[in-house]
2 protein chains.
Amino acid sequence: MAETLTTTALTLKDIAREAGVSLATVDRVLHNRPGVRPDTVRRVREAIDRNAFQPHVAAAELARSRARRFAFVMPSGPNPFMQQIEAYLGEMSGWLSARRLKVEMIATDVFDPSVLAASLEALSGDYDGVAAVALDHPTVRAAINDLVDAGTKVVTLVSDVPSSRRHHYVGIDNIAAGRTAGALVGRLAGGRAGKVAVVAGSQGLRDHAERIFGFNQVMAAEFPDLSVLPVLEGRDEDSRSEQVLARLLGRHADIVGLYNVGAGTQGVAQALSEAGRDKVVFVGHDVTALTRRLLLQGVMDAAISQNPGHEARAAVRVLLALARGEPILREQEKIRIDIVMRDNLP
Amino acid sequence: MAETLTTTALTLKDIAREAGVSLATVDRVLHNRPGVRPDTVRRVREAIDRNAFQPHVAAAELARSRARRFAFVMPSGPNPFMQQIEAYLGEMSGWLSARRLKVEMIATDVFDPSVLAASLEALSGDYDGVAAVALDHPTVRAAINDLVDAGTKVVTLVSDVPSSRRHHYVGIDNIAAGRTAGALVGRLAGGRAGKVAVVAGSQGLRDHAERIFGFNQVMAAEFPDLSVLPVLEGRDEDSRSEQVLARLLGRHADIVGLYNVGAGTQGVAQALSEAGRDKVVFVGHDVTALTRRLLLQGVMDAAISQNPGHEARAAVRVLLALARGEPILREQEKIRIDIVMRDNLP
DNA sequence: CTCAAAATGAGTTGCGTACCTCAAAACACC
DNA sequence: GGTGTTTTGAGGTACGCAACTCATTTTGAG
């Protein structure tokens with residue numbers, strides 16, 4: 001009836017006895033310190049595996065009195081999504097200080113590869129872990145690899161740099177996000193035929209490009225009655241987004257759907273309402289104060305969201321697990337693609 | 001540029017000095033031990049607050065050598081959702097044992113109030129925390145309150161007992177889940193007029209009743225062209241669900257939507273396909289191997305899901321925080337209502 | 001003022017690990 | 001066999017707190 005899921009607690013001393021060596025040797029093996037014969041290493045490792053030994057997290061943490069330092073490298077300038085991440089980190093301050101963790105925010109121009117790379121290089125040695133919103137660019141990739149080589153744990157946040165040797169990526173699969181947006185626009189259009197507009201920040205941004213790719217995939221395969229118009233670039237700015245979209249709406253009377261890939265949501269909504277096109281199915285990204293309002297008003301129909309609070313916490317947990325050498329709970333740290341409509345607004 | 005989010009690390013000794021008392025007195029205050037004058041308690045508390053003192057989690061954990069025991073009281077019998085929760089707890093075993101936590105699964109008939117209450121009472125004293133899938137019934141409520149009074153931390157899981165003094169509820173808002181289902185059925189029906197069928201396990205179950213309530217709310221308010229048929233009771237069984245639904249489908253040719261509130265999904269899908277009614281918008285609950293397949297095949301259109309992995313982990317984290325006297329990260333532990341469609345299948 | 005009760009101080013021990021030193025043993029090489 | 005090097009053992013200290021004991025001081029009631 002009652003089934004135990006955990007094993008009994010062993011200590012290093014037990015492992016030492018099992019392996020027939022002293023505590024010091026076990027310690028050397030555990031921390032990859034030199035001066036142990038390969039054969040002895042093997043014996044110790046075997047004893048550890050055989051007993052599924054887990055070092056006591058609390059004891060380990062206590063013993064290494066040095067506090068851990070993590071840096072979050074984020075875009076400078078006002079970006080609601082990033083501000084939310086910052087806010088959630090602030091909410092964790094009690095949790096962090098109880099674990100003697102120091103988290104610092106570093107604002108930089110993440111869109112300039114050389115500036116970003118320089119910011120990353122400057123962190124080397126000072127931090128145990130770095131979470132960065134990074135561009136996928138050779139210079140940045142090199143900076144990340146340098147950090148990794150220096151022993152710093154590196155996590156990419158929101159936007160990945162898959163070609164680098166970063167330890168982990170905390171963010172969503174943007175192609176799947178685009179596919180989801182496509183399915184929503186198509187299904188919510190409810191069989192109407194017509195055109196679909198797409199507004200992005202820039203097709204040069206990896207995440208935007210991936211979303212558009214996924215979006216087009218689904219539209220082409222499943223909604224033959226809907227034709228996707230060429231992508232508008234709004235540079236994530238309200239005014240420009242409004243401008244380009246207004247022009248497009250003027251030219252096409254049969255637009256039934258709209259996918260806003262990045263920010264500039266305010267401008268997009270404005271253009272729609274000024275053109276009196278509130279029947280257009282409008283799908284966008286992220287739950288902010290603005291999109292929340294638009295969803296409640298029925299202007300937006302759905303938002304694709306990656307929970308920023310979850311991302312912030314996952315980044316910290318992953319960095320901590322990496323620093324401690326603990327396994328990562330992949331399932332827990334995976335960021336889901338949330339579909340948010342009016343009735344399941346968080 | 002670099003802004004620190006945490007404060008410097010103080011220790012109990014610092015607090016003692018600040019408050020002008022000895023370590024022993026601080027310890028007494030911190031653990032609510034008797035023998036301290038109210039005025040002194042106040043002084044110590046003030047020193048703690050003034051410095052936003054956080055006991056070092058690792059040190060505290062290490063000092064209390066006793067391992068913590070948590071019990072998960074779950075329904076007996078084969079229930080895929082519950083099995084998933086069990087599986088995720090199993091995946092955490094490394095994480096658990098590194099923290100010297102013991103989690104035990106206790107299967108019982110959660111639908112029989114007296115049996116459930118007896119199971120709960122039996123736990124008293126042996127466990128630091130209990131997570132229970134519980135019925136909302138006076139007898140159960142009393143058993144929960146008894147546990148709480150005995151100092152055990154109690155968390156309700158999936159289904160709440162709001163009238164009890166349980167410390168926390170880990171699960172979704174079922175009314176909002178029902179509303180979301182309603183919005184999905186209505187929107188995905190795409191303007192078609194007709195009838196909507198609802199299949200539930202039993203209207204006596206609190207969570208099912210709440211979902212139906214939310215569903216009807218939205219349908220009545222927003223989709224006047226759709227009329228909801230009386231709720232069918234399938235007792236969460238495949239065969240019975242298929243039977244009752246098949247009969248209903250035979251009687252009504254104009255059914256355009258279907259909401260399956262509980263389990264029995266296999267039977268519901270079977271009835272639909274045998275009647276050749278694959279155009280019916282089908283919304284159900286939970287992502288299992290079955291619903292995953294149905295979504296991919298296009299039989300189901302959307303599933304409302306509460307991530308069982310998240311629920312399992314949240315329950316453990318909440319119990320641990322409660323046991324340690326740490327604050328709970330409400331935002332983190334909140335269970336979201338996930339809308340899962342084919343393209344954002346996790 | 002007296003005396004018991006209450007409040008407080010001072011101190012100890014142990015939790016399991018990290019990190020360090022120093023000496024002893026084992027080994028390799030000529 | 002002697003030398004130098006590598007490997008191993010033994011042991012200590014520190015980390016911050018929980019939990020406890022025992023002596024001492026303070027307090028309040030009579």
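Letters go in sequence order (proteins before strands), and every chain restarts at 1.
Whole-Å rounding puts the A/Arg324 CZ to C/dT17 C1' distance at 13 Å. Between the C1' atom of C/dC20 and the CZ atom of A/Arg33 lies a distance of 9 Å, rounded to the nearest Å. Taking atom CD of A/Glu61 as the reference point, atom C1' of C/dG16 lies 13 Å away to the nearest angstrom. Between A/His56 atom NE2 and C/dG14 atom P the separation is 17 Å, expressed in whole Å. The interatomic distance linking A/Leu10 (CG) with C/dT17 (C1') rounds to 15 Å, in whole Å. Spacing between atom NZ of B/Lys13 and atom P of C/dG9 amounts to 16 Å, rounded to whole angstrom units. Between the C1' atom of C/dC19 and the CG atom of A/Leu12 lies a distance of 13 Å, rounded to the nearest Å. If you measure from atom CZ of B/Arg68 to atom P of C/dC15, you get 17 Å, rounded to the nearest angstrom.
The shortest distance between side-chain heavy atoms of A/Phe72 and A/Val316 falls below 4.5 Å.
Listed nucleotides: C/dA18, C/dG14, C/dG9. Nearest to the side chain of B/Val21: C/dG9.
Taking 4.0 angstrom as the limit, B/Arg37 places none of its side-chain polar atoms (N or O) nearer than this to OP1 or OP2 of C/dA6. Here B/Thr40 reaches the OP1 or OP2 of C/dT8: one of its side-chain N or O atoms lies under 4.0 Å away.
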inquiry  = Between A/Arg99 and A/Glu61, does the side-chain contact (heavy atoms from CB on, under 4.5 Å) criterion hold? Intermediate values first, please.
reply    = CA-CA 8 Å; A/Arg99 287 159 184 75; A/Glu61 209 55 33; 6.0 Å; no

task = Quick one: do A/Tyr88 and B/Gln332 satisfy side chain to side chain donor-acceptor pair (under 3.5 Å)? Show the steps, please.
result = CA-CA 10 Å; A/Tyr88 286 120; B/Gln332 170 172 213; over 6 Å; no

task = Check the pair B/Ile48, B/Leu30 against side-chain contact (heavy atoms from CB on, under 4.5 Å), reporting the backbone distance first and the verdict last.
result = CA-CA 9 Å; B/Ile48 290 177; B/Leu30 217 56; 3.5 Å; yes

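The residue among A/Leu62 and B/Thr25 whose nearest nucleotide of DNA chain C lies closer to the 5′ end is B/Thr25. Mapping A/Pro55 and B/Val41 onto DNA chain C by nearest heavy atom places B/Val41 closer to the 5' end of the strand.
A/Arg43 places a side-chain N or O within donor-acceptor distance of the main-chain N or O of A/Ala19, the cut-off being under 3.5 Å.
Under a 4.0 Å N-O distance rule, the pair A/Arg336/A/Glu311 does not qualify as a salt bridge. With respect to A/Glu91 and B/Arg330, no salt bridge is recorded, no charged nitrogen being found less than 4.0 Å from a carboxylate O.
Base pairing analysis places D/dT21 opposite C/dA10; the two distances defining the Watson-Crick or G-U wobble pair are each below 3.5 Å.
In this model, a side-chain donor or acceptor of B/Arg28 finds a partner on the base of C/dG9 within 3.5 Å.
Between chain B and DNA chain D, the heavy-atom contact criterion of under 4.0 Å yields a 5' to 3' nucleotide range of D/dG16 to D/dT27.
Base engagement by A/Ala24 is indicated by at least one non-hydrogen atom pair under 4.0 Å involving a base atom.
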